[in-house]
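One structure is given below, encoded as structure tokens.
This is a predicted model, so every value here is computed, not measured. Side chains are part of it too, since the values below use all heavy atoms of this structure and drop only hydrogens, waters and symmetry mates.
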Amino acid sequence: MQSDSVLRLVWIYPDLLSTYGDQGNVLVLEQRAQRRGIPVETVHVRSADPVPEGGDIYLIGGGEDRPQILAAERLRRDGGLNRAIARGAALLAVCAGYQIMGTTFGGEEGQPVDGIGLIDIASGRGQGRAVGELAGEADPVLGIPTLTGFENHMGVTRLGSGVRPLARTAVGIGNGDGTEGCHAGKIVGTYLHGPALARNPGLADLLLTWAVGAQLPPIDDSWFERLRQERLAAVLPQ
């Protein structure tokens with residue numbers, strides 16, 4: 001993002017992948033940027049349209065098996081998201097979108113389906129569905145508070161070379177190995193719904209910082225932080 005330009009958000013395939021309020025992630029980024037005087041332009045890219053390559057932050061949400069497979073096929077064929085990330089854009093991918101970013105994920109019958117290969121992760125089907133609250137300590141290198149959200153998936157995700165867990169789970173299943181989500185470069189993948197950025201403004205600001213290329217001026221989140229801490233206290237083991 002240039003200092004004299006707008007922040008460009010790109011919401012990918014809302015007609016296929018937008019469950020559990022994931023579009024709220026776009027609204028949170030818009031609002032937190034605008035509160036800091038950063039002009040924002042948001043593009044909603046339907047699955048029949050090409051993915052523009054000039055965005056600063058890309059977002060993709062969760063969905064059911066068949067829409068996930070269709071989304072992966074179209075993103076592979078289009079190639080715009082891969083080119084945008086190679087150019088230096090940031091990405092938040094949630095649940096089904098998170099799995100698509102890797103090399104493979106589980107299809108409708110658990111069969112392996114090709115992802116788009118942005119990061120070295122592989123997902124498959126677990127033994128049962130993970131449903132409920134999830135909370136975990138974020139990777140210290142990210143400098144953000146404890147993460148919280150809601151998960152509803154059957155995925156098990158293995159992280160490969162150059163990919164770090166987004167958090168270590170205290171409550172919930174996440175990737176299935178005691179970790180939740182991942183990050184690599186300016187890519188964040190997560191199973192957190194809620195939507196994730198509404199419940200974790202620190203993560204929202206991290207994405208904005210990556211896009212802007214500078215530290216952001218603080219904004220008053222004290223009222224929300226009190227609510228967040230109350231929620232965490234109710235969820236985390238005593």
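If you chain together hydrophobic residues whose side chains sit under 4.5 Å apart, L232 and L147 never meet in one group. Taken together through direct or relayed side-chain contacts under 4.5 Å among Ile, Leu, Val, Met, Phe, Trp and Tyr, V51 and L70 form part of one hydrophobic cluster. Under the 4.5 Å side-chain contact rule for hydrophobic residues, I187 and V163 share a cluster. Grouping the Ile, Leu, Val, Met, Phe, Trp and Tyr side chains by contacts below 4.5 angstrom, directly or via other members, places Y13 with V10. Y20 and L92 fall into different hydrophobic clusters, where Ile, Leu, Val, Met, Phe, Trp and Tyr are joined by side-chain heavy atoms under 4.5 Å apart, directly or via other members.
F224 approaches P201 most closely through the heavy-atom pair CE2-CD, 3.4 Å. In plain terms, the two heavy atoms of V45 and P50 that are nearest each other are CG1-O, 3.5 Å. The shortest non-hydrogen separation linking D22 to P195 is CA-CB, 4.3 Å. Closest non-hydrogen pair, L159 versus C182, comes out as CD2-CB, 3.8 Å. Between M101 and A93, the shortest heavy-atom distance links the atoms CG-CB, 3.7 Å. What you find for R36 and R32 is that their closest heavy atoms are NH1-O, 3.3 Å.
A salt bridge links D221 with R35: the closest approach of a Lys/Arg side-chain nitrogen to an acidic carboxylate oxygen falls below 4.0 angstrom. A salt bridge links E225 to R228: at least one charged side-chain nitrogen sits closer than 4.0 Å to a carboxylate oxygen. Between R83 and E53 there is a salt bridge, since at least one side-chain N of the basic residue sits less than 4.0 Å from a carboxylate O of the acidic one.
Atom CG of L208 sits about 11.0 Å away from atom CD of E30, to the nearest 0.5 Å. The CD atom of E230 lies 8.5 Å from the CZ atom of R226; values are rounded to the nearest 0.5 Å. Between the OG1 atom in T169 and the CG atom in D177 there is a gap of 7.5 Å [rounded to 0.5 Å]. Here R66 contributes atom CZ and L16 contributes atom CG; the two are 10.0 Å apart, rounded to the nearest 0.5 Å.
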Intermediate values then yes/no, side chain to side chain contact (heavy atoms under 4.5 Å, CB included), I38 and L216: CA-CA 10 Å; I38 301 171; L216 302 171; 4.1 Å; yes
Dump the intermediate steps for side chain to side chain contact (heavy atoms under 4.5 Å, CB included) on V26 and W11, then the final yes or no. CA-CA 7 Å; V26 180; W11 176 233; 3.6 Å; yes
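In summary, of the residues considered (L207, V94, N25), a side chain to side chain contact (heavy atoms under 4.5 Å, CB included) with L59 occurs for N25 alone. Among L81, D78, D49, the single residue meeting the side chain to side chain contact (heavy atoms under 4.5 Å, CB included) criterion with I12 is L81.
For the residue pair D139 and H183, a side-chain donor N or O sits within less than 3.5 Å of a side-chain acceptor on the partner. Between the side chains of T209 and Q215, no donor-acceptor pair of N or O atoms lies under 3.5 Å. Residues T146 and E137 bring a donor and an acceptor atom of their side chains to less than 3.5 Å of each other. Using modelled atom types, one finds a donor on one side chain and an acceptor on the other under 3.5 Å when comparing T190 with E180. D120 and S161 are not linked by any side-chain donor-acceptor pair at a separation below 3.5 angstrom, with hydrogens and angles left out of the test.
Of the possible donor and acceptor atoms, one in the side chain of Q111 sits under 3.5 Å from a partner among the backbone N and O of E109.
Put simply, the side chain of R231 reaches to within 4.5 Å of the side chain of R199, judged on heavy atoms. Within the 4.5 Å cutoff, no side-chain heavy atoms of I144 are placed close to those of D205. Put simply, the side chain of V156 does not reach to within 4.5 Å of the side chain of R125, judged on heavy atoms. Residues E108 and I69 are in side-chain contact: their nearest non-hydrogen atoms beyond the backbone lie under 4.5 Å apart. Side-chain contact between I100 and L75 is present, with at least one heavy-atom pair separated by less than 4.5 Å.
Ring pair H153/Y191: centre-to-centre distance below 6.0 Å.
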